[in-house]
Amino acid sequence: MVRTRYAPSPTGMMHIGNLRTALYEYLIARSLGGRFILRIEDTDQERLVDGAVDAIYKTLRAVGLRHDEGPDIGGQYGPYVQSERRRLYRPYAEQLVREGKAYYCFCTRERLEQLKATAPGEVVGYDRHCRDLPSGEVQRLLDAGTACVIRQKMPLSGSKTFQDAVYGAITVDNRELEDQVLLKSDGFPTYNFANVVDDHLMAITHVVRGSEYLSSTPKYNLLYDAFGWQVPTYVHLPLIIGKDGRKLSKRHGATSFEALVQEGYLPEAIVNTIALLGWCPKDNRELFSLDELSAIFSVDGISKSPSVFDYDKLAWFNGEYIRAMPAGRFQAWIHPALTQVFGEPVPEPALLAELLQPRISRLAEIPEMVRFLTARQPYELDLFSNKKNKASPESAARILPLLYDALAGLAPWTRQAVHDRVMALAAGQELKTGQVMWPLRIALSGQAVTPGGAIEIAVILGRDESLARLNIALERLAGASAEKGDA
RNA sequence: GGCCCGUUGGUCAAGCGGUUAAGACAUCGCCCUUUCACGGCGAAGACAGGAGUUCGAUUCUCCUACGGGUCACCA
């Protein structure tokens, strides 16, 4: 039975790199008929952040990564929070001490600091000062209650090779490995230790994590060996980086799932995007639901090189998901953004939704896009010029009064009615559609680019505001031509 | 700096000894159209460099360059 685990530490918002790791763990488990476990790694008491655990649950729920075992739902391998497993680790560490595979270290932080400072990059890490203390001395210090940690004895020579499902065979010289701390002086295990013990106790078969752990993996393996435990299958993932090739950070834009959602990206689109960051399916398909991914995901499609997180691509995916949304759901989704601009009630919400759905790629684009509907925009009369539609301020000055008269008494003020009236005017004047639509759009919106056409804008504005804006425009145009005449 | 890993168009990437080196995003052009967007069609654009191995290297090996990761009582 394949078992994978997502083991975040509750130290803040969920970064999309972490989310992708969680996603791949989930997909590996699902694609192989296995189980996906959530474990909270809170062994660093100093870095805990309030609410971080909730953020983890919230994010996993939002993207649909349902775990089979975890702190909130239990399971046969609990508890699933490392701080609750605290008493579990010491016996394992002491077992290694008894077997001569680990030892108590009484070195103070100050001494370690000094060590780092004096040895100019020559010696790797700890100098193994306590590795061979006489047992009497150890006992004496222990009895005196001297603060200590437990360190693992690393082999002083030789090398070790392990297999990674993505990176292949990796060999590391044992001399590169320092005697790592297993149990901290506060009694908590280090990540390195707790991780191995828990993965073993929880019967984890596939360890999936970022490639930053690649170089410390030999240390884990030595631990598995020391206990005589079976080493899991390793799946190291390439990093996600920013446009400048550096680690993804706030500098590149939103990097947490939550921030992305706030900017108006859909969870499904985010998942789809990161699924393809570092993994590629056998065919050329790009649009995948989580269930579809679960069915076809396979480790051999994971690539080795780091990939740049591309916000443009995310926006494209988001646009695809937006367009695929049922109209009703879209309308509900954008409602908060609309009330921000219009207040309540939002005029013509269904029509607005219809206009916006094919046009936006992010929720955050909406306010700017519709602002002209609530406030009259200042604009240059040049805007009435449009070559393609054979429009000019002069033609507008002639057509706008006709439009005003045609629309003034119109009722009901519906899309169909406005459309028919305007088209009838165009036909009557032997004008092309664009020749009347263009000045109408400019007069109503004050901008050349609008979501939807002139008719839709008129309907949303309502008759009074539409006529008012028409009136302003035709007066300005009349004033301008009078000036011109004087000159 | 030591060690580990990586390197196909601007970005994501297919490729796993013989290909006109896919596809997607972005860019540009054309079409559709009352603007824009959507949609459709098309264009430009890549194997980091050098040695080998081989009849033949993007693919295998080595070196160089560049990039990244890691060297904690953090995870």
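Below, chain A is the first sequence line, B the second, and so on; all start at residue 1.
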Just wondering, do A/Tyr404 and A/Leu467 contact through their side chains at under 4.5 Å, heavy atoms? yes
List in numerical order all residues of residues 146-166 of chain A for which some heavy atom is under 4.0 Å away from an atom belonging to RNA chain B. A/Val149, A/Arg151
If you take any heavy atom closer than 4.0 Å to RNA chain B, which residues from residues 367-379 of chain A end up in contact? none
Between protein and nucleic acid, restricted to nucleotides 61-67 of chain B and to nitrogen or oxygen atoms under 3.5 Å apart, what atom pairs and distances do you find?
none

Which salt bridge (Lys or Arg N to Asp or Glu O under 4.0 Å) pairs, counting each pair once, include a residue from residues 308-328 of chain A, with sequence neighbours left out? A/Lys243-A/Asp310, A/Glu286-A/Lys313, A/Glu320-A/Arg323
Assess whether ring pair (Phe, Tyr, Trp, His ring centres under 6.0 Å) is satisfied between A/Tyr191 and A/Tyr213, documenting all intermediate values. CA-CA 12 Å; A/Tyr191 163 84; A/Tyr213 291 98; 5.5 Å; yes
Between B/A14 and A/Lys282, counting only base atoms on the nucleotide and side-chain atoms on the residue, is there a donor-acceptor pair under 3.5 Å? no
Between B/C73 and A/Ser185, counting only base atoms on the nucleotide and side-chain atoms on the residue, is there a donor-acceptor pair under 3.5 Å?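 Yes, a donor-acceptor pair under 3.5 Å.
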A/Arg441 NZ/CZ over A/Tyr379 ring centroid, <6.0 Å and within 45° of normal: no
Within 45 degrees of the axis of the six-membered ring of A/Tyr126 and under 6.0 Å from its centre: does A/Arg151 put its NZ or CZ there?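 Satisfied, under 6.0 Å and within 45°.
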Every protein N/O lying under 3.5 Å from an N/O of nucleotides 39-50 of chain B:
none

Closest-nucleotide ordering on RNA chain B, the 5'-leading residue of A/Val172 and A/Gly434: A/Val172
Roughly how many Å is it from CZ in A/Arg359 to P in B/U35, rounded to a whole number?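 Atom-to-atom, A/Arg359 to B/U35, this comes out as 11 Å.
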Would one find a side-chain N or O of [X] under 4.0 angstrom from OP1 or OP2 of [N]?
{"X": "A/Lys388", "N": "B/U35", "result": "yes"}
{"X": "A/Ser216", "N": "B/C71", "result": "no"}
{"X": "A/Ser215", "N": "B/C5", "result": "no"}

For RNA chain B, the dot-bracket pattern of Watson-Crick and G-U pairs whose distances stay under 3.5 Å, | for other-strand partners: (((((((..(((.....[....))).(((((.......)))))....(((((..]....))))))))))))....
Using atom P of each nucleotide, how far apart are B/A14 and B/G56 to the nearest Å?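 That atom pair is separated by 28 Å.
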